[in-house]
2 protein chains.
Amino acid sequence: MANSEKRQEILNAALELITEHGFHGAPIAAIAQRAGVGAGTIYRYFATKDILIIELFQELHDKICEYLMEGYEEEQPFRTRFLHLSTALLRYFITNPQEFRYLEQYFNSPYGVEFRRDKILKSEGDGMPYRVLFEEGMRQQVVRDLPVVVLFALTFGPLLAVARDHILGFVDLDERLLVQTVEACWDSVKVCPMELAKKNVYPAAE
Amino acid sequence: MANSEKRQEILNAALELITEHGFHGAPIAAIAQRAGVGAGTIYRYFATKDILIIELFQELHDKICEYLMEGYEEEQPFRTRFLHLSTALLRYFITNPQEFRYLEQYFNSPYGVEFRRDKILKSEGDGMPYRVLFEEGMRQQVVRDLPVVVLFALTFGPLLAVARDHILGFVDLDERLLVQTVEACWDSVKVCPMELAKKNVYPAAE
DNA sequence: GGTCTCGGAGTGAACGTTCACTCCGCTATA
DNA sequence: TATAGCGGAGTGAACGTTCACTCCGAGACC
């Protein structure tokens, strides 16, 4: 087994075991066994278990970002762009349940809080298509005038919840239902036409 | 210290420590110390640590249900009822951050999955005002025709996410913003007037 | 009333288990 | 043979749980 192959085997084994049994139910010894290496070998590639967990997250994160941007076009209208990103994200999750479960655990742990703190506080839009979409959309009165954090919550909250429920078997998200769900999310983020009309006709009323 | 007082002290200590450090960062020894009792005493009230965790959850759950139903009136229109429940829930969370953090951890663990499996599979609406609201709302074409699980996701997904972000200090949810957020949730759950009109005029188109 | 007895709640040191991590001998390759 | 990478038994710390013991207040008896 080549060098980098062994590293990948360790990451795969960690993904599988952590997905099945959680961070605390996946001891280094078990990861080593499933990867077909010795326990000590893991420490030749990752200084600590924490670092293994973080690097695994970063690999998955990069993979998803790449997937989301496939076929994404800045020139499309806001709604189209939102639907593209969100359906792609949801579709990725339900076709890669293992990766989803890992990410879910990661975000619901102190690791994830740190990650989000970084992302939110540094206000650059680099590589964050959603942020750009929301900020530009607010300027053009297509997206509600709410803090970006709230818009994120309105979008990712439902998406993560339905993905989880689908994977747990609580609902069967076929393509039609998936699109309906994402459209519903959009309706919570967009400025609805009636509100917009009211604002423009009686600007002082607000 | 009376008998039941001691039990409450243990529950309080567990709530504090688990909120601060997670399930795995709150050893029985530490809970006992904070509660001012011996480690062995805890096992006179709770057979295992798991049972302590589950009973603590049930106490908090009951408390919230009671709070939500204060001033709730079945006769009000759907939107009013939805806003009542959801603003109450969100307000409860941000004024009781410790309880929220505990519930969040609980739901994001195997305990929570079991709980939700029970709640979803038994389709009785007993003590579940949201479920009644959604099912009745769908029949009257006020709420979108989606699986109840998806409607739950559209509602609780954003609410939990913004509550968490408020508590972590990523956003400041004042009363105005809180209501705006809940209204946005409603817009993802309700049937929007244009859709309804379309459906009624061209019923065959769908 | 004073003293003795007893039941059971309370205690915390000790136990067995599990874990992340280390260390040193082994092996494959050149 | 020399070297670099690897393996897995070993290590100490930390955990949930147990159990032999302490302590105290309520009755029983004088």
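In the text below, chain A, chain B and the rest are named by the order of the sequence lines, each starting its count at 1.
Atom-to-atom, CD1 of A/I31 to C1' of C/dC21 comes out at 13 Å; the value is rounded to the nearest Å. Taking atom CD1 on B/I28 and atom C1' on C/dG10, their separation rounds to 15 Å, with Å as the unit. Here C/dG10 presents its C1' atom at 15 Å from CZ of B/F46, a figure rounded to the nearest Å. Atoms CD1 (A/I18) and C1' (C/dA20) sit 13 Å apart, rounded to a whole Å. Between B/R44 atom CZ and C/dT11 atom C1' there is a gap of 11 Å when expressed in whole angstrom units. Between B/Y45 atom OH and C/dT11 atom P there is a gap of 9 Å when expressed in whole angstrom units. Rounded to whole Å, the distance from CD on A/E9 to C1' on D/dG7 is 17 Å. The interatomic distance linking B/Q33 (CD) with C/dG10 (C1') rounds to 17 Å, in whole Å.
A distance of 4.5 Å separates CD1 of A/I53 from CD1 of A/I18, quoted to the nearest 0.5 Å. In this structure, B/I94 CD1 and B/L89 CG are separated by 10.5 Å, a value rounded to the nearest 0.5 Å. For the atom pair NE2 of A/H24 and CZ of B/F23, the computed distance is 10.5 Å after rounding to the nearest 0.5 Å.
Distances shorter than 4.0 Å separate none of the side-chain N or O atoms of B/K6 from OP1 or OP2 on C/dA9. Dashed line: the shortest gap from a side-chain N or O of B/K49 to OP1 or OP2 of D/dT17 is not under 4.0 Å.
Within the structure, side chain to side chain donor-acceptor pair (under 3.5 Å) pairs that include any residue of residues 98-108 of chain A comprise A/K63-A/E99, A/Y92-A/E99, A/N108-B/N108 (at least two apart or interchain).
Between A/T48 and B/I42, the one whose closest nucleotide on DNA chain C sits nearer the 5' end is B/I42.
Of the candidates B/L90, B/D174, B/L173, B/H166 forms a side chain to side chain contact (heavy atoms under 4.5 Å, CB included) with just one, namely B/L173.
Within the cation-pi definition used here (under 6.0 Å to the ring centroid, within 45° of the axis), B/R81 qualifies as a partner of B/F78.
Taking a 6.0 Å sphere around CD of A/Q33, one finds it holds 12 or fewer heavy atoms contributed by other residues, nucleotides or ligands.
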### Query
Quick one: what's the B/S/- string for nucleotides 22-30 of chain C, heavy-atom cutoff under 4.0 Å, read 5' to 3'?
B--------

